[in-house]
Every structure is written in C-alpha cells, then in structure tokens.
Colleague: 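There's a structure below that I have some questions on.
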Amino acid sequence: NAGVTQTPKFQVLKTGQSMTLQCAQDMNHEYMSWYRQDPGMGLRLIHYSVGAGITDQGEVPNGYNVSRSTTEDFPLRLLSAAPSQTSVYFCATNSGTGIWSEAFFGQGTRLTVV
Amino acid sequence: GQQLNQSPQSMFIQEGEDVSMNCTSSSIFNTWLWYKQDPGEGPVLLIALYKAGELTSNGRLTAQFGTTRKDSFLNISASIPSDVGIYFCAGLNYGGATNKLIFGTGTLLAVQP
C-alpha cells in the first residue's frame with residue numbers, strides 16, 4: 001500500500017518549458033489536491049478535485065492545469081514554466097467522509113525553474 | 001485568501017524542554033489539524049480536533065481546539081531530537097462538495113541534544 005506517490009522527486013526546468021507532475025494514490029479517496037510550499041508561506045492550494053471528472057481552482061491556480069480522468073491519478077501541468085513557480089509541490093488526498101477529513105500527503109516534488 | 005497566523009515562526013530549544021505553539025484565524029473553523037513535516041518529506045498528521053474546547057493528546061503531544069473556534073494550540077512535552085521539523089496547523093472548512101484545508105505558515109522546531 002503505497003499511499004500517495006509523486007513523481008518526479010526533483011526537476012529543473014528552463015523558463016517557458018512545460019511539464020507534468022504526476023500524482024497517484026491507491027487509497028480509493030475521492031478528494032485530491034495540489035499544494036505548493038514556499039518559505040514563510042505555508043502550503044497553498046493550487047487545484048483540487050472532488051472526484052473523477054471534476055476539478056476546481058484553489059488559492060493560486062494561475063499557470064497550472066489539472067485533469068482527473070481516474071480516481072487514482074491527478075496530474076498537475078505547468079504550461080509555460082516561470083521562475084515564480086520554483087517551489088515544492090505536494091499532492092494530497094483525503095477521504096472526504098464524515099465530519100472531518102484529514103489529508104494524506106505525497107513526499108513532494110522539488111521544482112526549480114531557471 | 002484566508003490565512004492562519006502561526007507562532008512562533010521558529011524555536012531553538014534544548015532537549016527535554018517543553019514546547020508551545022499556536023495558530024489563530026480571523027474565521028471560524030470546523031476542524032483543526034496539526035501536521036509535522038520532516039526534512040524532504042510531506043506533512044504527516046499528528047492530531048485532529050473536531051469541536052470547540054476539545055483537548056486531545058498523542059503521546060507527548062497535546063493539542064486544544066480553542067473555545068472561540070478561531071484558534072488552536074499544540075504543546076510538546078519533554079522534547080527529543082527527533083521532534084525536529086516544521087509543524088503546521090491547518091483549519092478545515094467543510095460544507096458543500098469540498099473539503100479545503102487552510103494551512104498556517106509553519107513553526108520550525110530545532111532541538112539541541
């Protein structure tokens with residue numbers, strides 16, 4: 001049982017390049033989210049999905065696209081990388097059941113845009 | 001966007017000392033969560049609090065859901081070197097079709113043996 005798996009773990013991009021950050025979960029959770037973590041800013045929500053075929057914007061969605069074709073996968077696409085997107089990216093899932101729903105995080109992808 | 005104020009930003013303590021950190025919000029939350037992040041890893045849930053006034057322990061960790069529902073506190077007793085990391089509070093607003101976590105800015109804890 002791997003939980004939440006993110007790939008790659010590290011990536012360096014040139015400004016203007018595009019790439020996809022992969023996130024896969026084997027917990028059968030409906031909710032998946034992408035966060036970015038910057039020094040002094042905590043974790044900020046980029047996009048989230050409440051189930052296959054449904055996505056919505058979070059706090060900082062500009063420059064990123066997502067899709068959710070299956071329950072298991074929630075890729076994050078950078079369309080044209082910018083230095084401001086240098087960050088650590090975390091994918092998370094939560095079960096979304098009951099009155100609370102904790103988030104389970106992947107190990108993160110450290111992205112540098114030069 | 002909504003923000004949580006977490007303090008202190010960092011703490012440098014000696015092994016064996018007790019630690020306190022807190023999180024405040026301008027808005028009411030339904031649930032408070034406390035996470036720990038080890039270097040190079042994703043955050044891991046430590047404690048979840050579900051109702052105002054609730055006090056919950058997990059080993060040497062104790063957390064409280066403030067009675068105003070706008071704050072939460074985390075205490076670590078008798079710190080050890082493996083307590084090193086970044087601690088995040090998170091408030092959860094549930095309702096409708098979404099669960100959105102709002103995170104604090106984190107408290108960096110360093111423990112000197």
Side-chain angles (χ1 to χ4, degrees), chain A residues 2-7 9-10 21 23 25 27 29-62 68 88-110, chain B residues 1-10 21 23-25 27 29-52 54 56 58 63 65 69 72 85-108:
Chain A
V4 182
T5 303
Q6 287 184 239
T7 56
K9 195 159 187 177
F10 301 96
L21 279 62
C23 177
Q25 56 113 347
M27 294 182 285
H29 285 170
E30 290 296 324
Y31 293 15
M32 296 186 76
S33 311
W34 276 101
Y35 294 85
R36 60 178 288 173
Q37 184 178 28
D38 302 295
M41 301 290 289
L43 287 145
R44 293 182 293 168
L45 183 64
I46 305 172
H47 285 284
Y48 64 96
S49 169
V50 301
I54 306 170
T55 64
D56 207 346
Q57 296 181 348
E59 181 185 357
V60 287
N62 292 340
R68 184 93 179 272
V88 182
Y89 291 84
F90 287 100
C91 177
T93 77
N94 56 30
S95 59
T97 59
I99 64 170
W100 63 273
S101 179
E102 66 178 87
F104 298 88
F105 288 86
Q107 289 193 312
T109 295
R110 185 174 296 275
Chain B
Q2 196 171 18
Q3 290 191 356
L4 298 183
N5 298 312
Q6 190 171 343
S7 64
Q9 284 189 331
S10 60
M21 59 191 78
C23 208
T24 60
S25 169
S27 303
F29 285 105
N30 310 112
T31 298
W32 282 95
L33 306 172
W34 283 93
Y35 286 84
K36 183 193 177 194
Q37 184 179 25
D38 290 325
E41 301 289 333
V44 174
L45 184 68
L46 297 173
I47 292 180
L49 302 159
Y50 311 125
K51 59 182 181 180
E54 180 179 358
T56 298
N58 178 6
F65 192 145
R69 302 176 73 180
S72 180
I86 303 176
Y87 291 79
F88 290 100
C89 62
L92 178 62
N93 280 323
Y94 56 86
T98 65
N99 283 302
K100 291 187 185 181
L101 281 177
I102 309 296
F103 282 87
T105 51
T107 295
L108 173 64

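Throughout, a chain's letter reflects where its sequence line sits, starting with A, and its residues are numbered from 1. These numbers were taken from a predicted model, which means no experiment stands behind them.
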Colleague: Near B/Gln9 CD, under 6.0 Å, is it more than 12 heavy atoms from other residues, nucleotides or ligands?
Modeller: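 Result for CD/B/Gln9: open.
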Colleague: Which pair of heavy atoms, one from B/Gln37 and one from A/Phe90, lies closest together, and at what distance?
Modeller: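 It is NE2-CZ, 3.1 Å.
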Colleague: Given that the side chain runs from C-beta out, which part of A/Gln6 has a heavy atom under 4.5 Å from chain B: side chain, backbone, both or neither?
Modeller: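 A/Gln6 has no heavy atom closer than 4.5 Å to chain B.
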Colleague: Provide the closest heavy-atom pair for B/Phe88 versus A/Gly42 in the form atom of the first, atom of the second, distance.
Modeller: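 B/Phe88 and A/Gly42 have their closest heavy atoms at CE2-CA, 3.9 Å.
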Colleague: Please identify each residue that fulfils ring-ring contact (aromatic ring centres under 6.0 Å, His included) with A/Phe105, with sequence neighbours left out.
Modeller: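 Here the qualifying residues are A/Tyr35, B/Tyr35, B/Phe103.
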Colleague: Relative to chain B, which of A/Gln107, A/Arg110, A/Glu30 shows the most heavy atom pairs under 4.5 Å?
Modeller: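 Between A/Gln107, A/Arg110, A/Glu30, the count favours A/Gln107.
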Colleague: How would you list all residue pairs meeting salt bridge (charged side-chain N to carboxylate O under 4.0 Å, His left out) that involve residues 37-55 of chain A, not counting sequence neighbours?
Modeller: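 Those involving residues 37-55 of chain A are A/Arg36-A/Asp38, A/Asp38-A/Arg44.
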Colleague: Nearest 0.5 Å, please: how far is CG in A/Leu43 from OG1 in B/Thr105?
Modeller: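 So the gap between those two atoms works out to 10.5 Å.
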Colleague: Mind checking the CG-CG spacing from B/Leu92 to A/Asn94? Nearest 0.5 Å is all I need.
Modeller: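 Here the rounded value is 8.0 Å.
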